[in-house]
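For reference, the structure discussed in these notes is given below.
All chains are named by letter (A, B, ...) in the order of the sequence lines, taking the proteins before the strands, and each is independently numbered beginning at 1.
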Amino acid sequence: VGILGNVQQLTFDVVYDVAGSKLGFGPGGC
Amino acid sequence: PQPLEQEHHFHIVEVSSLLPATDVEGCNPSPKGNKKGNSLEVRHKHGPCSSSTLESDKESRPSHVEILENDEKRVDSIRERVKPKSVEVDSVTDHKKAPKKDRVKQKAVGLPVKSGSTIGSGNFIVTIGLGTPKKDLSLIFDTGSDFTWTQCEPCKRSCYKQKDPVFNPSESSTYTNITCTSTLCSEVRSATSAKPGCAGSTCVYGIQYGDSSFSVGFLAKDTLTLGSSYDTIPNFYFGCGENNQGLFGGSAGLIGLGRNQLSVMSQCATKYGQVFSYCLPSKASSTGHLTFGKGGTSSKSITYTPLLSGSAGASFYFIDLQGLSVGGQKLSIQPTVFTQGGVLIDSGTVITRLPPDAYSALQAAFNKAMSKYPKAPALSILDTCFDLSKYTTVTVPKIGLQFGGKAEIVLPAAGIFYVKDISQVCLAFAGNGDASD
């Protein structure tokens with residue numbers, strides 16, 4: 001059985017800068 | 001399309017690369033995984049990289065339909081929490097009783113009884129240390145909820161099966177229960193969507209998730225240890241669960257990264273400046289990272305969009321989605337389509353939902369670009385599926401999302417499809433039922 005996760009976020013670094021009130025995406029995260 | 005245009009606006013992918021990982025492949029930790037001291041390894045709850053810690057969970061792995069149905073329950077919970085409402089669990093003071101759905105009182109006429117519940121658990125786990133000496137615990141990490149809890153000995157009422165030894169407060173020299181009169185006890189209500197109770201003088205929390213899973217126990221504090229550098233956060237507030245039931249996949253509990261004062265992000269604000277980042281593993285057989293503080297990303301080219309905050313759903317991370325593109329063509333969607341209900345990002349949701357008009361436009365454009373491939377039956381909530389069993393490579397239009405601040409991300413091929421098997425490859429988006437969702 002293969003399991004898939006939250007596909008839209010895969011391979012991106014997702015940065016939550018709450019203090020700076022911004023959210024970032026970076027390609028090729030992992 | 002001409003060859004150059006095809007290269008720019010389409011993915012040409014081997015069909016076999018779309019298939020999810022299997023246990024046969026084993027675990028291949030990502031070489032890009034962040035190795036910094038304040039970084040935790042992220043693993044899929046049911047993937048081969050979890051097998052060393054969650055072996056007992058293999059038999060309880062959900063089917064694809066169950067994954068998608070659970071995802072719908074989670075999204076239903078988010079929809080309800082974002083709507084203005086007033087609900088409370090009438091009492092969780094008796095931790096021997098589960099906070100059943102029928103005990104959630106409605107104060108706003110017409111709302112479903114589940115509106116007091118918080119969202120169901122996500123798919124990815126990290127290992128943290130708790131107590132002195134520290135005990136390692138694998139917790140589901142979740143940016144869509146706030147409250148961190150773990151199962152606790154003596155499991156007065158019930159504990160589900162977990163692989164890690166259950167945390168025993170009596171073995172930690174730094175463990176303390178929180179009293180009912182503490183201001184932190186009153187903060188529990190907004191973090192759990194349920195009014196806290198009192199057992200003797202100890203604050204009692206109760207949290208129920210969208211799939212009816214729940215945890216009830218004592219509000220406590222102890223030392224939290226993160227990463228290979230053993231960063232410590234003394235006096236970390238969490239739930240010590242004495243009555244826990246549900247589909248937590250063999251994990252020891254949940255770590256909440258929402259915006260509430262009780263979330264890990266808020267509690268570690270002094271140390272990490274309210275910044276964290278993660279990368280979800282690109283296959284269940286690989287690993288990602290959850291990193292606290294700035295400089296946690298392996299990519300230098302980060303594109304930022306403003307975080308929005310609203311009065312409704314204050315725990316969630318709202319963002320400003322403004323448009324979509326398919327195969328390099330921007331879709332004709334009115335901007336108000338996205339602002340009517342708002343858009344949020346959540347690490348625990350599997351399938352991105354779009355407003356009805358936006359989804360219709362995406363579906364039509366995607367079908368047009370994929371018209372050479374035979375259609376396949378719907379898979380649960382996914383109604384745009386293809387049979388790729390007769391192909392070794394396919395040409396797939398790139399899907400782009402445009403955000404406020406002129407930020408755009410173009411999804412990789414893996415982020416476009418949810419693959420049951422090669423004869424049922426589905427567009428990994430779904431439409432909301434209501435334009436105001």
- Query: Under a 4.5 Å heavy-atom cut-off, does chain A meet the side chain of I345(B), its backbone, both or neither?
  - Reply: both

Can you give me every donor-acceptor pair (side chain of residues 16-30 of chain A, partner residue at least two apart or in another chain, under 3.5 Å) with its distance?
{"unit_1": "Y16(A)", "atom_1": "OH", "unit_2": "Y278(B)", "atom_2": "OH", "d": "3.0"}
{"unit_1": "D17(A)", "atom_1": "OD1", "unit_2": "G20(A)", "atom_2": "N", "d": "2.8"}
{"unit_1": "S21(A)", "atom_1": "OG", "unit_2": "L307(B)", "atom_2": "O", "d": "3.3"}

- Got K294(B) and V15(A) here, is their nearest side-chain heavy-atom distance under 4.5 Å? no

- Contacts of type disulfide (SG to SG under 2.5 Å), residue C268(B), not counting sequence neighbours: none

- Are any of the side-chain heavy atoms of F12(A) and L411(B) separated by less than 4.5 Å? yes

- Item | Region of Y317(B) that comes under 4.5 Å of a non-hydrogen atom in chain A | side chain

- Query: Which region of V410(B), side chain (C-beta onward) or backbone (N, CA, C, O), has a non-hydrogen atom less than 4.5 Å from a non-hydrogen atom of chain A, or is it both or neither?
  - Reply: backbone

